[in-house]
**Q** 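Have a look at this one before I ask anything.
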Amino acid sequence: MSDRKSELAERAAKAKEDLAEAARRAGRAVEEVTLVAVSKLHPGSDIRALAQSGQMDFGENYVQEAAGKQEELADLDVNWHFIGGLQSNKAKFVSGKYALVHSVDSRKLAQALHKKASGLGVVQDILLQVNIAGEVQKSGITIENLSSLADEVMQMDGVRLVGLMTMPPFFDDPERARPVFSRLRQLKDTLEKQIGAKLPHLSMGMTGDFIPAVEEGATLVRIGTRIFGARPPRV
Ligand SMILES: *Cc1c(COP(=O)(O)O)cnc(C)c1O
């Protein structure tokens, strides 16, 4: 095994151990939580190496970069997750190409994903991203707008709403993010009653705060730095 390959396998295995421990502490089955390895700005060779050690889910943020990797790695049987901010005019490059789009935060974007998926004859699974702390610089819809956007999305048959995503403010102490995670779970429970359907997924938790996220019910954690190391700057 190359040095990089064994390094990545080891880092991912350690993150998974911590994740499993957090799940056990919360009385949850480890299998309920999927680790999405966030590979943005890291080379396709890292993804290939990690996939060979059994990592199946990868998260990307940038449309063009991700499309290049999908082409380069077309022979791999992995699940791609789109987790970054997405403009509706780029939705056509995303819809139908990802197992899950985590970052839907407007009617316009949902509509564009729906249209493209319908044209392809597929259904695109999506999450609604909620900006729980109301930070102005963060993407995501406000809690106030969640219920009406969910109703609208339920009318679009090219997309299927399967849950919620959030990104809390950065805290040095991950415990401070816990109330954000428990709030997202409450919002999901309320929304399930409103729409009369189950929402199986909560995408929450990153390198710095995935432990409380798993304890509060995350089904998808998005971990980059902990696995791949520091990201090179975006050029
Ligand atoms: C980059 C990114 C992550 C991964 O962040 P790390 O701190 O490196 O684990 C997770 N979620 C989103 C939305 C991101 O943009």
Side-chain angles (χ1 to χ4, degrees), residues 7-19 22 33-44 46-47 50 55-67 69 78-87 90-91 94 98-106 109 113 125-141 162-178 180-181 183-184 201-235:
E7 183 193 6
L8 288 171
E10 207 168 293
R11 292 176 74 123
K14 283 199 176 130
K16 277 201 158 162
E17 272 173 38
D18 289 355
L19 193 156
V33 192
T34 298
L35 169 60
V36 178
V38 176
S39 43
K40 63 173 177 233
L41 303 176
H42 294 289
D46 273 4
I47 298 177
L50 199 52
Q55 174 64 33
M56 296 309 293
D57 292 83
F58 292 90
E60 289 283 338
N61 286 54
Y62 307 113
V63 173
Q64 264 198 327
E65 181 199 341
K69 288 176 183 170
V78 298
N79 306 313
W80 295 101
H81 297 251
F82 195 86
I83 66 171
L86 182 58
Q87 288 169 335
K90 297 219 177 131
V94 168
Y98 289 79
L100 184 60
V101 178
H102 294 227
S103 44
V104 177
D105 63 355
S106 73
L109 174 57
L113 291 166
D125 282 353
I126 62 166
L127 306 176
L128 296 180
Q129 180 174 356
V130 190
N131 183 352
I132 292 192
E135 291 173 285
V136 284
Q137 74 278 21
K138 282 253 172 83
S139 43
I141 49 161
V162 296
L164 301 178
M165 182 270 227
T166 198
M167 222 172 145
F170 175 79
F171 297 116
D172 282 326
D173 176 7
E175 277 306 313
R176 294 188 56 200
R178 186 183 294 274
V180 174
F181 299 141
R183 186 81 176 98
L184 194 71
H201 287 298
L202 283 174
S203 170
M204 54 190 199
M206 319 190 344
T207 291
D209 57 18
F210 74 90
I211 300 289
V214 168
E215 290 171 354
E216 296 301 326
T219 64
L220 296 154
V221 294
R222 311 176 308 268
I223 302 182
T225 310
R226 172 78 189 267
I227 295 172
F228 294 101
R231 275 183 287 279
R234 192 176 178 205
V235 284

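For ligands, and for the atoms within them, numbers begin at 1 and follow the listed sequence.
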**Q** Any donor and acceptor pair, going by atom type alone, linking the side chain of S106 with main-chain N or O of L109 inside 3.5 Å?
**A**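 Here the side-chain-to-backbone pair exists.
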**Q** For Q129, which residues count as a side-chain hydrogen bond (donor to acceptor under 3.5 Å, both in side chains) partner, sequence neighbours excluded?
**A**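 By the side-chain hydrogen bond (donor to acceptor under 3.5 Å, both in side chains) rule, Q129 matches no residue at all.
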**Q** I'd like a table of donor-acceptor pairs (distance under 3.5 Å, sequence neighbours excluded) in which one partner is a side-chain atom from residues 222-235, with atom names and distances.
**A**
from, atom 1, to, atom 2, distance (Å)
R222, NH1, S203, O, 3.1
R222, NH1, S203, OG, 2.9
R222, NH2, T166, O, 3.3
R226, NH1, D18, OD2, 3.2
R226, NH2, D18, OD2, 3.0

**Q** Could you check if a side-chain atom of F82 sits within less than 4.5 angstrom of a side-chain atom of H102, using non-hydrogen atoms only?
**A**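 Not touching, per the 4.5 Å side-chain cut-off.
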**Q** For R11, what residues pass the side-chain hydrogen bond (donor to acceptor under 3.5 Å, both in side chains) criterion, not counting sequence neighbours?
**A**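 R11: no side-chain hydrogen bond (donor to acceptor under 3.5 Å, both in side chains) contacts found.
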**Q** Once you restrict both partners to nitrogen or oxygen, which atoms of ligand 1 have a protein partner under 3.5 Å, and how far apart are they?
**A**
from, atom 1, to, atom 2, distance (Å)
ligand 1, 8 (O), T225, N, 2.8
ligand 1, 8 (O), T225, OG1, 2.5
ligand 1, 8 (O), R231, NH1, 2.8
ligand 1, 8 (O), R231, NH2, 3.3
ligand 1, 9 (O), T207, N, 3.0
ligand 1, 9 (O), T207, OG1, 2.5
ligand 1, 9 (O), G224, N, 2.8
ligand 1, 11 (N), R222, NE, 2.8
ligand 1, 15 (O), K40, NZ, 2.7
ligand 1, 15 (O), N61, ND2, 2.7

**Q** Just wondering, do H81 and D57 contact through their side chains at under 4.5 Å, heavy atoms?
**A**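 Heavy-atom side-chain distance check passes, below 4.5 Å.
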